[in-house]
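These numbers were taken from a predicted model, which means no experiment stands behind them.
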Amino acid sequence: MATSTRRPFFCGNWKLNGTITESVALATEVRNGVATLREADVVVAPSLTAVHAVARRLEGGPVGVSGQNCFWEDKGAFTGEVSAPQLAEAGCKYVIVGHSERRQLMGELDAAVNLKARAALRAGLTPIICVGETLSERDAGETLGRVEAQLDIALLEMTADGLARSLVAYEPVWAIGTGRNATPAQAQEVHHFIRTRLAARFPDVAPAVRILYGGSVKPDNIRALMAEEDVDGGLVGGIVKEGSAS
Ligand code: PGA
């Protein structure tokens, strides 16, 4: 971020937390908290049941709303899924795709992430495309190879315009919810690799794509992470407080 003109972007991923009432209350807190913040994009990703109510509360203000996942078809016999157009109708401007919890716990494959990212773009949403290695992949020296494979597949058949409307999030799986964040240097190495990889296909677009870091981002480590050249923001889960999601 250090010398770039990319606008910082922060997204709170509330995961499976919060009633509708709690989520609307938290969204109001976020809106009030960033009322004077002009130099960053701020987005919240509530649980699905709360998306519409949160979007209505935040309408017309600076805080955007994101889905946490979507299906790749727009409609049909897909019980339990939600489509990108449905999220858009509910007030979302963004959707997270390929979060590691979905990859690991729900068996989501790289190819599905690609279909979801493209469905999001079709619906006019900005996909936040997540990539990241597991601890065993890092220990085996496979970090960049794994990230490369996830990224390349996620971007299959993507156009330059599609990438220009997307964000990428690097989230090392070993750092998510563990309190153990990547060091700024570790994050920068992978962020730079991602940008280089994007530039190989879309040289005109890659310099402007915002690449977020996620995994135990906290007030005491965000500044050092953001000081790195290719770290443009954060995807933040965080501790669940009694009675609210954060
Ligand atoms: P964390 O989660 O901030 O709790 O590590 C980040 C994420 O899952 O996006």
Side-chain angles (χ1 to χ4, degrees), residues 9-17 43-48 66-70 72 94-117 120 127-156 166-198 209-222 224-226 228 230-240 245-246:
F9 186 105
F10 296 96
C11 178
N13 174 10
W14 296 353
K15 307 192 179 187
L16 183 48
N17 295 294
V43 169
V44 295
S47 277
L48 187 55
S66 176
Q68 297 179 9
N69 175 44
C70 68
W72 56 79
Y94 306 84
V95 60
I96 299 167
V97 295
H99 190 280
S100 68
E101 283 151 17
R102 298 210 55 84
R103 292 178 186 268
Q104 298 218 299
L105 304 174
M106 269 56 96
E108 197 161 297
L109 302 174
D110 293 346
V113 178
N114 170 252
L115 293 173
K116 291 177 179 205
I128 302 172
I129 302 167
C130 302
V131 296
E133 82 287 359
T134 62
L135 186 57
S136 59
E137 286 163 346
R138 175 161 281 267
D139 288 345
E142 291 166 2
T143 296
L144 299 184
R146 183 71 193 110
V147 168
E148 177 179 276
Q150 289 176 335
L151 193 66
D152 286 359
I153 296 172
L155 299 182
L156 278 175
S166 303
L167 287 101
V168 177
Y170 168 56
E171 298 207 302
V173 176
W174 47 271
I176 295 178
T178 59
R180 179 185 164 194
N181 64 293
T183 64
Q186 284 173 324
Q188 170 58 19
E189 182 195 15
V190 181
H191 282 231
H192 180 70
F193 176 78
I194 290 170
R195 196 175 307 285
T196 306
R197 196 78 198 148
L198 297 178
V209 175
R210 288 175 291 181
I211 306 174
L212 316 180
Y213 169 79
S216 298
V217 170
K218 297 279 176 289
D220 61 1
N221 60 27
I222 187 62
L225 287 159
M226 288 296 288
E228 296 293 338
D230 290 293
V231 178
D232 305 314
L235 184 51
V236 187
I239 298 138
V240 178
S246 74

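- Scanning both residues, Leu225 and Ala182, for their nearest heavy atoms gives CD2-O, 3.9 Å.
- Every residue two or more places apart in sequence or in another chain that forms a side-chain hydrogen bond (donor to acceptor under 3.5 Å, both in side chains) with Trp174 is listed here: Glu133.
- Not counting sequence neighbours, the partners of Asp139 by the side chain to side chain contact (heavy atoms under 4.5 Å, CB included) test are Leu135.
- By the side-chain hydrogen bond (donor to acceptor under 3.5 Å, both in side chains) test, Ser47 is found to be paired with no residue, residues two or more places apart in sequence or in another chain being considered.
- Listed by chain and number, the residues in a side chain to side chain contact (heavy atoms under 4.5 Å, CB included) with Ile176 are Lys15, His99, Ser100, Glu101, Glu171 (sequence neighbours excluded).
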### Query
Between Gln68 and Leu48, is a side-chain contact (heavy atoms from CB on, under 4.5 Å) present by the stated rule, with each step listed?
CA-CA 8 Å; Gln68 297 179 9; Leu48 187 55; over 6 Å; no
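- Residues passing the salt bridge (Lys or Arg N to Asp or Glu O under 4.0 Å) test with Arg195, sequence neighbours excluded: Asp230, Asp232.
- For Tyr170, the ring-ring contact (aromatic ring centres under 6.0 Å, His included) criterion is met by His191, not counting sequence neighbours.
- Under the rule for a salt bridge (Lys or Arg N to Asp or Glu O under 4.0 Å), the partners of Glu108 that lie at least two apart in sequence or sit in another chain are Arg102, Lys116.
- To the nearest 0.5 Å, atoms CD (Glu189) and CD1 (Ile194) are separated by 11.0 Å.
- Take Arg103 and apply the side-chain hydrogen bond (donor to acceptor under 3.5 Å, both in side chains) test, not counting sequence neighbours, and it matches Asp110.
- Heavy-atom minimum distance, Ile96 versus Cys130: CG2-SG, 3.6 Å.
- Within the model, atoms CG of Leu198 and CD1 of Ile211 stand 5.5 Å from one another, a figure rounded to the nearest 0.5 Å.
- The two residues Gly214 and Val217 come nearest to each other via the heavy atoms CA-CG2, 4.3 Å.
- For the pair Tyr213 and Ala175, the tightest heavy-atom approach, listed with the atom from each and the gap, is OH-CB, 3.6 Å.
- Here the shortest heavy-atom pairing between Leu156 and Asn114 reads O-ND2, 2.8 Å.
- A search for side chain to side chain contact (heavy atoms under 4.5 Å, CB included) contacts involving Ala117 returns Val97, Pro127, Ile129, Met158, not counting sequence neighbours.
- Rounding to the nearest 0.5 Å places SG of Cys11 at 4.5 Å from CD1 of Ile128.
- With sequence neighbours left out, Glu142 forms a salt bridge (Lys or Arg N to Asp or Glu O under 4.0 Å) with no residue at all.
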### Task
Applying side-chain contact (heavy atoms from CB on, under 4.5 Å), run through Val131 and Val190 and close with a yes or a no.
CA-CA 10 Å; Val131 296; Val190 181; over 6 Å; no
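- Leu16 CG: 12 or fewer foreign heavy atoms inside a 6.0 Å radius.
- With values rounded to the nearest 0.5 angstrom, Ile153 atom CD1 is found 9.5 Å from Leu109 atom CG.
- Counting only distance, with no hydrogens or angles, the side chain of Gln150 and the backbone of Gly132 share a donor-acceptor pair below 3.5 Å.
- Applying the side chain to side chain contact (heavy atoms under 4.5 Å, CB included) rule to Ser216 yields the partners Thr178, Asn181; only residues at least two apart in sequence or on another chain are considered.
- Annotation: ring-ring contact (aromatic ring centres under 6.0 Å, His included) contacts of Phe9 (sequence neighbours excluded): Tyr94.
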### Message
I'd like to know whether Val147 forms a side-chain contact (heavy atoms from CB on, under 4.5 Å) with Arg197, so could you lay out the CA-CA distance, the side-chain angles of the two residues, the decisive distance to 0.1 Å, and finally the verdict.
### Response
CA-CA 10 Å; Val147 168; Arg197 196 78 198 148; over 6 Å; no
